[in-house]
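Comments concern the structure below.
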Amino acid sequence: VTSMDEHVPHVPVLIVGGGPVGLALAIELGWRGVPCLLLEQSDGRITYPTAESINTRTMEHLRRWGLAARLRAEGFPPDYPRVVRFVTRVVGYELARFERPSNREQPWHVRHLSPEGQLWCPKFWFDPLLRERAAAFPTTRIRLGWRLERFQQTAEGVVAEAVEVATGRRETIRAAYLVGCDGGSSTVRRALGIALCGRFAEGYNLGVYFRAPTLLATTPLGPASQYFVVNRDCRAIVAAVDGRERWRLTLRVAPEEVERIDVRQALRLAIGADLPVEILDVRPWAGHAVVAEHYRVGRVFLAGDAAHLNWPSGGFGMNTGVGDGVDLGWKLAAVYQGWGGAYLLDSYELERRPIAVRNVEEASRNKATDLALPIPPELEEASAAGERARRALGALIEQVRRREWHTLGLQLGYRYDPSPLCLPDGTPPPPDDPGEYVPTARPGSRAPHAWLPDGRSTLDLFGRGFTLLRLRARDVDTRPLEAAARAVGLPLTVVDLDEPAIAALYERRLVLVRPDGHVAWRADAPPADAAALIDRVRGATGAIAG
Ligand SMILES: Cc1cc2nc3c(=O)[nH]c(=O)nc-3n(C[C@H](O)[C@H](O)[C@H](O)COP(=O)(O)OP(=O)(O)OC[C@H]3O[C@@H](n4cnc5c(N)ncnc54)[C@H](O)[C@@H]3O)c2cc1C
């Protein structure tokens, strides 16, 4: 690419890839009024389902974007149970189960910790809804059927060359920033020469997307979002795709088996009955545990699977990627709007990369624990010995496998600590336990949820710029802080909260919350140097290592 022609289209942000992460970034930018162009090489049709598990934090972002209620009510049947069953076969014995409420019931189970809650929502509904939302912003353009081929960057911007897949027509696009949300085999990452670090191909799998209209009526065990199949013939997961007749089988296989598996036989073994089955798609895939060495080179960034790949065990991949999009989104907006400091964009990698490492490792741990389950020979016998074996294995599963479905700590407890943008307040961090979420307003953490008297959540106060909470502190003079923000164009809203319970939860009288809902600073009194604080949280000062 050589042209820096003034006539070629110019956009502040060029997003490559219209999977969930590229779309989440496009929404975050659109929501903040930042123009962007998204290129997606496919025609946008979803042909293969993955990423059903939308976690609580992603749902909170979807709430801010105005999508959560719709997602909960539409799409996947809202009353279908999200229970996870460990079974000998889908039409066989149940060994253990992890109860989880349906999409409709879910919010009420965590309502003291979040206004939302997890959702089961296969890609067929999720991605089109994100795309519809992204396309609704007047500043967002989405081009389906366009592939990024190459790019080069200068100090002033990025010049990209894209091709229309159907016609071969080429176009040059100039952008201030480019974000590669182009998945695991990211063209952008390769062009930047960024390596993925970690463990490649920890195991092999065969994915089979299939229709089995009689499966739900045949199994004596009842519906489930996932059946984990444990027997001496196969190790597999059968996941609900539409809550009626469409399913995805994930079969663990040895590398040399991938090409010669008899798919129909594999389905019979996992289901445990010879039901009418239509195979819709078959995809072999390898599970990795890798994170990109860097998330940024100059004006080009990586997000989502382009930056990290993990086992699906726990449903962390897309959710971690959406978190990348949210973090990068407000920072690009701050720079576009002129109040972001010189170091702000560097903080993206510093904040998000450790979260990816944490989540990738947790996913591998879940996978390893699953495969380590011992399978006694009498497991499927209709005898007292068989019954005993099933009870013993069921008890073990309940003990060692619970962790994969109790991850509120992982979902909500991640924190940017240390971050150059968040000022430590000297308090010790709560343990980073994947299972247990401890609400805290300690700087770096997600500002905790509490219900407001008018029925909104504290989370509904955050998003548009920074929010300064005065908790039972109407008497505190925050005008110098407001003036310092105004002086550099940093959007700041002051909100008074007088509820004693919320003040106790936040622990300080003044709490400054970033546009992404994380706490940047808290104290009982205004800072001595308001300008220095504002400069710190907008990335204008502070040596950034890394
Ligand atoms: C079996 C399975 C189950 C999973 N379940 C979950 C789950 O429950 N929860 C969860 O969070 N995650 C889950 N994941 C992981 C999840 O699917 C991924 O993390 C997620 O899809 C990543 O989103 P992305 O947008 O980064 O990348 P992708 O979804 O891979 O999207 C990248 C997009 O970029 C486009 N693209 C690539 N190159 C170019 C180019 N040069 N020009 C233009 N466009 C380009 C591609 O066509 C594609 O649409 C699962 C994965 C698997 C395999």
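This is a predicted model, so every value here is computed, not measured. Just follow the structure's listing: the first ligand is 1, and inside any ligand the first atom is 1.
Taking the centre of each ring, Phe462 and His449 stay at or above the 6.0 Å mark.
For the pair Gly184 and ligand 1, the shortest N or O to N or O distance does not fall below 3.5 Å. Checking only distances, Arg248 never comes within under 3.5 Å of ligand 1, N or O to N or O. Considering backbone and side-chain N/O atoms, Glu52 comes within less than 3.5 Å of an N/O atom of ligand 1.
The nearest pair of heavy atoms linking Arg235 to Ile375 is CD-CD1, 3.8 Å.
Residue-ligand proximity, Gly304 to ligand 1, at heavy-atom distances under 4.0 Å covers atoms 26 (O). Every atom of ligand 1 is numbered from 1 in the order shown, and the set under 4.0 Å from a heavy atom of Thr187 is 41 (N). Within the listing of ligand 1, atoms 40 (C), 42 (N), 43 (C) sit less than 4.0 angstrom from a heavy atom of Val16. Short contacts between ligand 1 and Cys181, defined as distances under 4.0 Å to a heavy atom of the residue, involve ligand atoms 32 (C), 33 (C), 34 (O). For ligand 1, the atoms lying closer than 4.0 Å to a non-hydrogen atom of Pro20 are 21 (O), 23 (O), 25 (O), 29 (O). Close approach to Trp146 involves these atoms of ligand 1, each under 4.0 Å from a residue heavy atom: 43 (C). Applying the 4.0 Å criterion to heavy atoms of Leu39 picks out, from ligand 1, the atoms 43 (C), 44 (N). Using a 4.0 Å cut-off to heavy atoms of Gly315, the atoms of ligand 1 that qualify are 7 (C), 8 (O), 9 (N), 10 (C), 11 (O).
A cation-pi geometry, defined here as NZ or CZ lying under 6.0 Å from the six-membered ring centre and within 45° of its normal, does not hold between Arg358 and Tyr414. For the pair Arg248 and Tyr209, the NZ or CZ position fails the cation-pi test of under 6.0 Å to the six-membered ring centre and within 45 degrees of the ring normal. For the pair Arg133 and Trp65, the cation does not sit on the ring face, since its NZ or CZ is not both under 6.0 Å from the ring centre and inside 45° of the axis.
The nearest protein atom to atom 25 (O) of ligand 1, hydrogens excluded, is given as Val21 N, 3.0 Å; this is a heavy-atom distance. Atom 53 (C) of ligand 1 has as its closest protein heavy atom Thr50 CG2, 3.9 Å. Looking only at heavy atoms of the protein, atom 5 (N) of ligand 1 is closest to Ala51 N, 3.1 Å. Among protein heavy atoms, atom 31 (O) of ligand 1 sits closest to Gly19 CA, 3.5 Å. Annotation: atom 8 (O) of ligand 1 to nearest protein heavy atom, Ser53 N, 3.0 Å. At the shortest separation from atom 34 (O) of ligand 1 among protein heavy atoms lies Gly17 CA, 3.2 Å. Of the protein's heavy atoms, Pro312 CB, 3.6 Å lies nearest to atom 3 (C) of ligand 1.
Across the listed options Met318, Glu40, Gln41, Glu40 owns the non-hydrogen atom lying nearest to atom 33 (C) of ligand 1. Nearest-residue assignment for atom 26 (O) of ligand 1 (options Leu148, Asp305, Leu23; heavy-atom criterion): Asp305. Checking Ser225, Pro122, Gly183 against atom 28 (P) of ligand 1, the nearest heavy atom belongs to Gly183.
In summary, the side chains of Glu404 and Ser313 do not present any donor paired with an acceptor at a separation below 3.5 Å, with no hydrogens or angles considered. With no hydrogens or angles considered, a side-chain donor-acceptor pair links His308 and Asp324 at under 3.5 Å. Between Thr58 and Asn319, the side chains place a donor N or O and an acceptor N or O closer than 3.5 Å (distance only, hydrogens not considered).
Across Glu149, Glu161, Glu164, a single residue satisfies salt bridge (Lys or Arg N to Asp or Glu O under 4.0 Å) together with Arg169, and that is Glu164.
Ion pairing between a basic and an acidic side chain is recognised when a charged N comes within 4.0 Å of a carboxylate O; Arg82 and Glu105 show no such pairing. Salt-bridge annotation for Asp327 and Arg514: present, with a side-chain N of the basic residue lying under 4.0 Å from a carboxylate O of the acidic one.
Put simply, the side chain of Arg199 never gets that close to the backbone of Ala201: no donor and acceptor are under 3.5 Å apart.
If you look at Asp182 next to ligand 1, the close heavy atoms, those under 4.0 Å, come from the backbone and the side chain alike.
Taken from CG in Asp127 to CD in Glu40, the straight-line distance is 9.5 Å, to the nearest 0.5 Å.
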